[in-house]
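What you see below is based on every heavy atom in this structure, not just the backbone, and it leaves out hydrogens, waters and symmetry mates.
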Amino acid sequence: MYFICYIMSTLAITKSVFFERFIPVEMIESSITIDCTQKRLALQDALNTNETERARGKIEEYREALNNLIKLLENNRSMTILKEQPQFDWCWGSGSYMSSCWRWEKLMTYAVGYDINMASAMNKATNAKFKEASQHFHKAGEYCVSIYQDVLPEWKWKEVQSIHMTMENFWKSKVYFIYAMKDLMTLQYGIVGDGSISDKNAIRIVSRIEGLCKKSISEWSNQDNSGLMNWARAARAIYTARTHAEKDDFGKAIG
């Protein structure tokens, strides 16, 4: 019994940024800005060529370099005048997004972490590697939590929210969905992996999946959480019917 919504990595950097071109060298030495540029270019290449494993390492390297650069700029904000304002361009699926805000760029480095781990989790799930998939779902959830607990609170001055990636509810919804997917991996492993799960425990898990999807939908409704919720309802009905049938209570089973 499977519910798999196959996902490829959907985030990409659409335009390069050369930090050394707009940060005065007398304020921050060029080796630091060039290093940040190179790490962003490496991430951009890994995302654009859909090399998920390489992107997983490159995003951590770029985030560290970016955070270091942001701290240096904040520490010297009274003296630093940029030569020009950077524009950070990203696309997610069919949407294109651009901002000159450094907090936006920082947020997107976490969004990439979420995205590539979700892609890896789905790939593992389709290959029946449910334990590994669960680990990637867990990591994706950590990125979501970091966004709404750590990154968004720093962005106090942002304008009226119009992009879903800047909204707290969007990421909270993802966390509940990820919890539901982790439960799904447990169920799939119990069915396909070792066949040890009982109908009673299966019903308990699919009921929990349904509840988590309801919480996810209450924060932000989308095709993934509504689809999984409907699947959980159908799965619960099937397991419940089999339980009734084993007791020769066929009327309830048919219902």
Side-chain angles (χ1 to χ4, degrees), residues 1-8 10 110-111 113-150 152 164-165 167-247 249-255:
M1 183 178 293
Y2 287 87
F3 172 90
I4 295 296
C5 42
Y6 185 71
I7 295 178
M8 294 294 290
T10 56
Y110 286 89
Y114 155 79
D115 190 59
I116 60 179
N117 276 284
M118 285 295 288
S120 296
M122 292 301 184
N123 286 333
K124 297 295 183 183
T126 56
N127 291 297
K129 297 180 180 179
F130 303 118
K131 287 187 175 180
E132 294 178 39
S134 183
Q135 292 171 357
H136 286 297
F137 280 126
H138 180 79
K139 188 66 176 177
E142 289 182 336
Y143 281 111
C144 293
V145 172
S146 294
I147 287 173
Y148 70 74
Q149 285 189 351
D150 302 326
L152 290 180
H164 57 275
M165 288 93 80
M167 300 181 188
E168 182 177 334
N169 288 357
F170 175 79
W171 295 106
K172 286 185 175 180
S173 174
K174 295 295 186 186
V175 172
Y176 287 125
F177 176 71
I178 287 167
Y179 288 158
M181 289 300 295
K182 287 186 67 178
D183 274 344
L184 178 60
M185 296 302 101
T186 300
L187 177 62
Q188 300 285 44
Y189 181 76
I191 297 170
V192 180
D194 58 9
S196 63
I197 194 166
S198 65
D199 284 359
K200 181 179 180 180
N201 284 333
I203 292 171
R204 179 176 58 83
I205 292 175
V206 294
S207 295
R208 190 166 63 201
I209 290 172
E210 181 183 354
L212 287 166
C213 286
K214 286 181 179 178
K215 290 182 178 180
S216 178
I217 290 171
S218 71
E219 297 285 352
W220 194 282
S221 180
N222 60 60
Q223 185 177 358
D224 290 338
N225 52 26
S226 59
L228 180 54
M229 182 180 70
N230 291 333
W231 178 91
R233 287 173 172 172
R236 177 163 52 85
I238 292 170
Y239 279 114
T240 302
R242 187 164 70 181
T243 300
H244 287 310
E246 289 173 350
K247 297 177 181 179
D249 199 342
F250 299 111
K252 290 183 178 179
I254 291 172

Item to check | Euclidean distance, Leu228 CG relative to Ile217 CD1, rounded to 0.5 Å | outcome: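 Between atom CD1 of Ile217 and atom CG of Leu228 there are 9.0 Å.
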
Next on the checklist: Nearest 0.5 angstrom please: Asp199 CG to Ile238 CD1, how far?
Outcome noted: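 Taking CG in Asp199 and CD1 in Ile238, the distance rounds to 11.0 Å.
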
Tell me whether [X] contacts the main-chain N or O of [Y] through its side chain, where contact means a donor paired with an acceptor under 3.5 Å.
{"X": "Asn225", "Y": "Ser221", "result": "no"}
{"X": "Asn127", "Y": "Lys129", "result": "no"}
{"X": "Ser216", "Y": "Leu212", "result": "no"}
{"X": "Asn169", "Y": "Trp220", "result": "no"}

Any side-chain heavy-atom pair from [X] and [Y] closer than 4.5 angstrom?
{"X": "Asn222", "Y": "Phe177", "result": "no"}
{"X": "Lys124", "Y": "Phe130", "result": "no"}
{"X": "Phe170", "Y": "Lys174", "result": "yes"}
{"X": "Val206", "Y": "Trp231", "result": "yes"}

Item to check | Sidechain N-carboxylate O distance under 4.0 Å for Glu210, Lys214 | outcome: yes

Next on the checklist: Applying the side chain to side chain contact (heavy atoms under 4.5 Å, CB included) criterion to Tyr143, which one of Val175, Asn117, Ile116, Asp115 satisfies it?
Outcome noted: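 Looking at Val175, Asn117, Ile116, Asp115, the match for Tyr143 under the side chain to side chain contact (heavy atoms under 4.5 Å, CB included) is Asn117.
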
Checklist entry - Taking all atoms of both residues into account, what is the closest heavy-atom pair of Ala133 and Ala125, and its distance? => result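 Looks like CB-N, 3.8 Å.
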
Next on the checklist: Could you walk me through whether Tyr114 and Trp171 satisfy the ring pair (Phe, Tyr, Trp, His ring centres under 6.0 Å) test, starting with their C-alpha distance in whole Å, then the side-chain angles of each, then the deciding distance to 0.1 Å, before giving a yes or no?
Outcome noted: CA-CA 10 Å; Tyr114 155 79; Trp171 295 106; 5.5 Å; yes

Checklist entry - Are there more than 12 heavy atoms of other residues, nucleotides or ligands under 6.0 Å from atom OH of Tyr179? => result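 At most 12 heavy atoms, drawn from other residues, nucleotides or ligands, come within 6.0 Å of this atom.
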
Checklist entry - Can you tell me if Glu142 and His138 form a side-chain donor-acceptor pair at under 3.5 Å? => result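 Yes.
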
Item to check | Lys/Arg cation over aromatic Tyr176: Lys172, 6.0 Å, 45° cone | outcome: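 Here Lys172 fails the 6.0 Å and 45° test against Tyr176.
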
